[in-house]
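This report refers to the structure that appears directly beneath it.
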Amino acid sequence: MTSYDQIMKLALERGFYFPSCEIYSDAPAGFWEYGPMGANMKYKFIALWRRELIRRDSMIEIDGSQIMSKSVFEASGHLLNFSDPLVECKNCNSIFRADRYISEKIGKAIPEGTSEIAMNSMIAENHIRCQNCKGEFKPVTRFNMMFKVGIGSSHDEAYLRPETCQTIFVDFSRVFKTMRGKLPLGIAQIGKSFRNEIAPRQSLLRLREFYQAEIEVFCNPERLNEMPKFDEVRNTRLNLYDDEYHRDITAYDCLDQGLLPNKLVAYYLALLTEFYGKTGIDMKRTRFRRLADDEKAFYSLVAFDFEVETSIGWLELVACNYRADYDLKGHSSISNHNLEVIEPTNQTKVLPHVFELSMGIDRSLYTILEHCYYEDFRHDDRVVLRLNPYLAPITFGVLPLMSKTIMVEKSRAIHSLLKRDFDSVYDESGSIGRRYRRLEEIGVPFAITIDQQTLVDDTVTVRYRDSMEQERINTGELKKFLEDKSAVV
RNA sequence: GCGACGGUCGUCCAGUUUGGUCUAGGACAUCAGAUUGCCAAUCUGGUAACCCGGGUUCAAAUCCCGGCCGUCGCACCA
């Protein structure tokens, strides 16, 4: 069984995630639910993200609408660019990407933005037919990956946002003013985005409805190397990959050797590296890959994907795009609002540029599960999810050594003292060994066991998931003990 | 979206070839009880499934058609 299958099995059996609407046979692909364990883990992942990125860098966070008006996506370019021209064979229904197919057949490049009409004439003039069955093609159509929705009784045209950042851009002016912003400023958002993928696959890795955590750093393009806080991360080590690997190289050296364009970009890539280092992902299996021009999104000037190696290959977790003034310029022009801000040092107006860190939460959670999954062949092949305590969906379990004794009553009392401060479970069912194994499998880092001695001196044992070692703790000190042990370090 | 293959308890699998013996079987998991009392012990009992819709037939998990989902390949992935 591959690692992906093992994680899938664990997710289904233990309530991390499972298909949406699964009791109905018309449940569409690409929609998944987080069960109790997955939802808890997601909350903790977000808490870590806030701590290590938002608070650390003094960013500000908003929470915007998922449905946005048509004009937003005219301005953002998604109505035009976020779609593919397709041709379909009348005979065998094969579907091809129209521009690429024509260009392949006539040996000439088809420019972006070529109209459907023009492409239809090219097909006719060059007698292009289906390569599978020689059938004729239906007229070229466009498939837009945004979900269209109708608002109100008149069904006014609007769309589910295909990326969370568009709300940040349209809110930028008000947020910047009301929060007394100064460049560079990170504005962040966590939420759902929606893309009508043609073929969603692999559970959490390619969804039609998914969580993003996006950070848009607004900056003055003239001052990308004025970053005093860069010194905090100058020795942070990154893995870069362009034509060749540059492993374990400090942020400072990346700049020095011209591998990264400026201090602002280097600073945020380093910050992101430090964040992911705390998630339990094996950083030796990660890299920032610089994208070639033909791989980049239409709005991106320079792009680095933060990728991680998993059982199904390299997986993109974060897209880091230098979007320049693409978005603010577009929104400014379509909305007729001036989105420039004042640069305080010389009182000049500037339209900020944007460097974006666009993180896929679902993919990140999957990767954490996979990298933390461990089969301990020295102890009955036990399965241990070695999650960092601050990301574990459950922090501890309370277990009476024996059921049907006064230990049960004592255990419940101890659980009551702690359950409001932590995510926890109480379990008296089955042998003590079986209960430890159940907790290990869902990554519970600590097991508190109430035994004979507890009744005598009010101490309990705390068992560590990974080492299986135990230590005795006074019940009065448990809360502090657990807080200390599950703190982010 | 195309093509190939597949879909049976929470999970994995048997049964489908050759329709009836399937009131659908097993393992693990889970629940209750007994027993034990610090690392998946044992025993007893229980809960629990034929992806959905239509068709053929005296009879469908099994054959046929359509849909949905999954895996892989192609294409797609702003």
Side-chain angles (χ1 to χ4, degrees), chain A residues 1-2 4-6 8-15 18-31 35 73 76-89 91-98 100-101 112 130-133 141 143-146 161-163 165-166 193-203 205-208 210 295-300 303 305 312 315-316 319 321 358 360 376 378-383 399-405 407 429-441 447 449-453 460-461 463 465 468-470:
Chain A
M1 207 193 300
T2 69
Y4 174 83
D5 292 328
Q6 289 172 313
M8 193 67 237
K9 184 170 191 259
L10 181 70
L12 289 171
E13 284 184 337
R14 299 297 180 208
F18 49 87
S20 181
C21 310
E22 62 175 336
I23 65 168
Y24 287 102
S25 61
D26 63 350
F31 299 90
F73 302 108
S76 72
H78 283 88
L79 276 172
L80 191 66
N81 294 306
F82 196 55
S83 64
D84 294 326
L86 301 174
V87 277
E88 185 176 354
C89 172
N91 185 39
C92 70
N93 298 325
S94 294
I95 289 189
F96 303 93
R97 173 82 188 258
R100 292 195 188 170
Y101 194 80
E112 281 278 319
C130 174
Q131 63 187 20
N132 295 345
C133 73
T141 54
F143 175 73
N144 194 289
M145 302 245 294
M146 285 194 292
R161 62 185 178 189
E163 48 179 9
C165 60
Q166 289 307 323
S193 290
F194 304 83
R195 296 177 190 180
N196 201 357
E197 297 283 353
I198 294 168
R201 258 172 216 191
Q202 288 170 317
S203 61
L205 304 186
R206 195 150 166 223
L207 297 160
R208 286 184 165 132
F210 58 101
E295 290 182 290
K296 290 184 310 193
F298 60 84
Y299 46 67
S300 184
D305 277 357
I312 55 147
L315 180 67
E316 175 193 341
N321 291 303
S358 173
D376 184 357
R378 281 196 255 176
H379 298 99
D380 310 311
D381 301 353
R382 68 182 186 137
V383 169
L399 318 171
L401 184 61
M402 299 174 224
S403 59
K404 296 182 192 60
T405 63
M407 285 177 205
S429 158
S431 73
I432 191 68
R434 174 181 292 272
R435 282 178 275 161
Y436 287 147
R437 294 295 148 84
R438 275 199 288 249
L439 294 178
E440 291 162 350
E441 200 180 7
T449 306
I450 284 75
D451 58 12
Q452 293 289 353
Q453 201 178 327
V460 295
T461 63
R463 173 187 183 272
R465 174 194 64 202
M468 300 170 66
E469 283 165 6
Q470 290 180 300

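Naming: A, B, ... by sequence-line order, numbering from 1 per chain. This one's a predicted model, so the numbers in the text were calculated from it and none came from an experiment.
Pairing partner, B:A60: none, since no Watson-Crick or wobble contact has both distances short of 3.5 Å. As the counterpart of B:A49, no nucleotide is assigned, since no Watson-Crick or G-U wobble pattern has both distances under 3.5 Å. Base pairing analysis places B:C74 opposite B:G1; the two distances defining the Watson-Crick or G-U wobble pair are each below 3.5 Å. Pair assignment for B:C43 gives B:G33, based on Watson-Crick or G-U wobble hydrogen-bonding distances that are each under 3.5 Å. Across all strands shown, B:U21 remains unpaired; no Watson-Crick or G-U wobble contact has both distances below 3.5 Å.
B:C13 sits 14 Å from B:G6 when the P atoms are compared, rounded to a whole Å. When the P atom is used for both B:C9 and B:G25, the distance is 14 Å, rounded to whole Å. Nucleotides B:A49 and B:G55, compared at atom C1', are 24 Å apart to the nearest Å. Taking the C1' atoms as reference points, B:A61 lies 15 Å from B:U18, given to the whole Å.
For B:G70, the base has no donor-acceptor partner in the side chain of A:Arg206 [N/O atoms by modelled type, under 3.5 angstrom]. Not a single donor-acceptor contact under 3.5 angstrom links the side-chain atoms of A:Glu197 to the base of B:C76. No hydrogens or angles were tested; on distance alone, nothing pairs the side chain of A:Arg434 with the base of B:C39 as donor and acceptor under 3.5 Å.
Counting non-hydrogen atoms under 4.0 angstrom, A:Ser429 reaches the backbone sugars and phosphates but no base. Among the heavy atoms of the strands lying under 4.0 Å from A:Ala29 are primed sugar atoms or P, OP1, OP2 only; no base atom is included. In this structure, A:Leu401 reaches the bases: a heavy-atom distance under 4.0 Å links it to at least one base atom across the strands shown. Nucleic acid contact class of A:Gln470 (heavy atoms, under 4.0 Å, all strands): base. At the heavy-atom level, A:Ser403 lies under 4.0 Å from base atoms of the strands shown. If you check every strand for non-hydrogen atoms under 4.0 Å, A:Gln202 touches sugar and phosphate atoms only. A:Thr449 comes within contact range of at least one nucleobase, with a heavy-atom separation under 4.0 Å. Residue-level contact check: A:Pro28 touches the backbone only, with heavy atoms under 4.0 Å from sugar-phosphate atoms and none from bases.
The side-chain contact (heavy atoms from CB on, under 4.5 Å) search around A:Ala11 returns A:Phe16, A:Tyr17, not counting sequence neighbours.
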Evaluate side chain to side chain contact (heavy atoms under 4.5 Å, CB included) for A:Arg161 paired with A:His78, printing each intermediate quantity in order.
CA-CA 10 Å; A:Arg161 62 185 178 189; A:His78 283 88; over 6 Å; no
Side chain to side chain contact (heavy atoms under 4.5 Å, CB included) between A:Glu441 and A:Leu10, worked out:
CA-CA 8 Å; A:Glu441 200 180 7; A:Leu10 181 70; 3.5 Å; yes
Can A:Ser20 and A:Arg208 be said to form a side chain to side chain contact (heavy atoms under 4.5 Å, CB included), step by step?
CA-CA 12 Å; A:Ser20 181; A:Arg208 286 184 165 132; over 6 Å; no
When you compare the protein's N or O atoms with those of nucleotides 48-55 of chain B, which come within less than 3.5 Å of each other, and at what distance?
{"residue": "B:C52", "atom": "O4'", "partner": "A:Ser25", "partner atom": "OG", "Å": "3.4"}

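Look at CZ on A:Arg435: it is 12 Å from P on B:U30, rounded to the nearest Å.
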